[in-house]
Amino acid sequence: MATTALDLATVRNIGIMAHIDAGKTTTTERILFYTGVNYKLGEVHDGAATMDWMKEEQSRGITITSAATTTHWDDHTINIIDTPGHVDFTIEVERALRVLDGAVAVFDAKEGVEPQSEQVWRQADRYGVPRICFINKMDKVGAEFQRCVDMMSDRLDTTPMPIQLPIGAESDFKGVIDLVRMRAYVWNDEAAKGEMYDTIDIPESHLDAAREGHDKLVETLAEADDEIMELYLEGEEPTVEQIVPAIRRATIAGTAIPVLCGTAFKNKGVQPLLDAITAYLPSPLDISAVIGHGVKEETQETTLSRKPSEEEPMSALVFKVMSDPHLGKLTYLRVYSGVIQTGTQVYNSVKGRKERIGKIYRMHSNKREEIDRVGAGDIVGVMGLKDTTTGETLCDASDPIVLESMSFPAPVIQVA
Ligand code: GDP
């Protein structure tokens, strides 16, 4: 049973958000596939069939049944929080957004920014969720990368910053140019099996576009980041080692948003997307502190804060209570500070009640892993809570806090 603390700098708590049909589900599934999980379709349904990723029809109808799924990529732990469906946009989505540190916004390369993408974007704005964009369906007839990027600047009040350029589009979508490293990734025949691309020099035919794209990236970054601006003003060309952290700073500050592209259902572009998730989206350490207030009458007006550290008093927010087919009632929570251990008593500061933590689970897409402790920054499912519901805070009884309550000013959005 896992007992060690996670290195918080390597944790990514992310959501994947999209307009219906843009490819949120497909992208999530492909991420789980590429992160090396032997993802079993049957586990939840009949305990048998391993998913055959080559057959598109078989992949339909699968949903990630867990409110948070943990996976690993390149020495990082990625918790993918299910940001629920496009249609019931309201409280459920807001609750999920509340516990994310970052998100991937998926767009349809042909449709670009659709009305619903705008709504999701504004919700994420409200919670200050740092984002990277993935323009999916580059294989579709009518797919246009630049048009999508233009729509983002026009409709989303944001500064999109392409860090890739597609090589071709529609049935001729052959790969992407990495504008940071100035290399070309060309999809190979093994893509469906897991080897995604060959890295080659940028083809002569695309060199001018690539140079222009790189210059534009540096220019956008200079506007978004002081360090790059200084180099820019001195006429110095920033190195990859300077560009990567600058993109990360800009992403976290929201001053510019990295844009990538691919074709999720053909497994193209998913690996570079994973690399971007670990390189650019924030870790729990990038949140300086979570804010709350006291519980007693005399402290209700007092603002309290908890840093993302195991040394702090424990605080956690429940974001989903679910009925798991195997485990029964499973309460998903994000720990913001301190540590929770199996069997310990915690205090529900909203209800003013003590609760006991039963088993603690990390949910993977194909298995659940019982662990005996969970620390600041992490997301797990726990059993044993009798009287705690979504949105409530669990904390140390000796140091009570009510984490900032979520407000739901958003009107109910009707989707036709
Ligand atoms: P969601 O509603 O955002 O979760 O979207 P889905 O992942 O369910 O995808 C919606 C539809 O688009 C499905 O029929 C997918 O097979 C299809 N789709 C997903 N990714 C791609 C892609 O890269 N290219 C094309 N042409 N279709 C895709």
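Each ligand, and each atom within it, is numbered from 1 in the order the structure gives.
The shortest N/O to N/O separation between G262 and ligand 1 does not fall below 3.5 Å. For ligand 1, the polar-atom distance check finds no N/O of I20 at less than 3.5 Å from any of the ligand's N/O atoms. Between K140 and ligand 1, no pair of N/O atoms sits closer than 3.5 Å. For ligand 1, one of its N or O atoms has an N or O atom of N136 under 3.5 Å away. Any N or O atom pair closer than 3.5 Å counts here, and K137 shares at least one such pair with ligand 1.
With a 4.0 Å cut-off on non-hydrogen atoms, M138 does not touch ligand 1 at all. Using a 4.0 Å cut-off between heavy atoms, D21 contacts ligand 1 through both its backbone and its side chain.
When each atom of ligand 1 is checked for a heavy atom of T263 under 4.0 Å away, the hits are 22 (C), 23 (O), 24 (N). Ligand 1 places these atoms under 4.0 Å from at least one heavy atom of G23: 1 (P), 3 (O), 5 (O), 6 (P), 7 (O), 9 (O). The K24 neighbourhood of ligand 1 comprises atoms 1 (P), 3 (O), 4 (O), 5 (O), 7 (O), with distances under 4.0 Å to a heavy atom of that residue. Of all the atoms in ligand 1, the ones that sit under 4.0 Å from a non-hydrogen atom of H19 are 3 (O). Within ligand 1, counting atoms from 1 as listed, the ones closer than 4.0 Å to a heavy atom of A264 are 23 (O).
Annotation: salt bridge (Lys or Arg N to Asp or Glu O under 4.0 Å) contacts involving residues 162-173, sequence neighbours excluded, comprise D172-K174. Residue pairs meeting the salt bridge (Lys or Arg N to Asp or Glu O under 4.0 Å) criterion with at least one member in residues 324-336, sequence neighbours excluded, are D101-R334.
Look at D396 and R306 and you find no salt bridge, because none of the NZ, NE, NH1 or NH2 atoms lies under 4.0 Å from a carboxylate O. Ion pairing of D178 with R183 is absent here, as no side-chain N (NZ or NE/NH1/NH2) approaches a carboxylate O to less than 4.0 Å.
At most 12 heavy atoms of other shown residues, nucleotides or ligands fall within 6.0 angstrom of atom CD in E212. Within 6.0 Å of NZ in K307 there are 12 or fewer heavy atoms belonging to other residues, nucleotides or ligands.
Classification of the Y197-Y185 ring pair by plane angle, with boundaries at 30° and 60°, yields parallel.
Closest approach of G381 and L330 over heavy atoms only: C-CD1, 3.9 Å.
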